[in-house]
Amino acid sequence: MAYSDKVVDHYENPRNVGSFAADDASVATGMVGAPACGDVMKLQIKVDPSTGVIEDARFKTYGCGSAIASSSLVTEWVKGKTLEQALAIKNTAIAEELALPPVKIHCSILAEDAIKAAVADYRQRHAGPGGLIEEKACAPSKPADHHSEAA
Ligand code: FES
């Protein structure tokens with residue numbers, strides 16, 4: 001199969017390959033797999049908690065050239081975007097940018113799913129509107145009036 005020049009470029013010079021430190025609270029991870037081919041994509045985003053803007057991104061992809069190119073591309077596209085803006089990135093835009101043939105469309109879907117998974121992971125771990133850390137919202141909880149009876 002002939003890859004487009006852009007796929008070859010990302011494949012040969014992948015942008016932002018790697019991982020962030022696992023204990024960094026501003027980092028969220030999206031890990032997705034394509035059952036049809038077994039390819040796996042891990043996308044990490046580093047989010048500025050005060051603005052909700054993605055400052056940086058990393059990926060690791062075990063998969064075909066199109067999957068690697070798609071994930072490399074989205075690490076560039078999500079940078080500087082809010083979580084909402086990142087969620088608006090569609091696989092069709094990725095496929096168009098990389099000129100993916102129809103049999104490789106699912107590789108771009110994997111990249112869109114990886115963004116969604118990373119944003120969901122961030123929001124799950126950082127409660128509050130827009131996924132931002134709302135430290136002030138963490139009012140001390142009232143003592144429970146029905147403590148465990150097991151004691
Ligand atoms: Fe499955 Fe590319 S062939 S992700």
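In what follows, residues are counted from 1 in the order of the sequence shown. Indexing begins at 1, ligand by ligand and atom by atom, following the structure's order.
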(message) Below 2.8 Å, can you find an N, O or S atom of Cys107 next to atom 1 (Fe) of ligand 1?
(response) no
(message) At less than 2.8 Å, would any N/O/S atom of Cys64, backbone or side chain, sit next to atom 1 (Fe) of ligand 1?
(response) no
[Y] side chain reached by [X] side chain, heavy atoms, under 4.5 Å:
X     : Y      : answer
Pro14 : Phe59  : yes
Lys60 : Arg58  : no
Trp77 : Ile115 : no
Leu98 : Ser66  : no

(message) Does this structure show an ion pair linking Arg123 with Glu84, if we count only N-O contacts that are shorter than 4.0 Å?
(response) yes
(message) Using a 4.0 Å cutoff against the non-hydrogen atoms of Lys104, which atoms of ligand 1 qualify?
(response) 3 (S)
(message) Return the closest protein heavy atom for atom 3 (S) of ligand 1 as residue, atom name and distance.
(response) His106 NE2, 3.3 Å
(message) I need the nearest protein heavy-atom contact for atom 4 (S) of ligand 1: residue, atom name and distance, please.
(response) Asp39 OD2, 3.0 Å
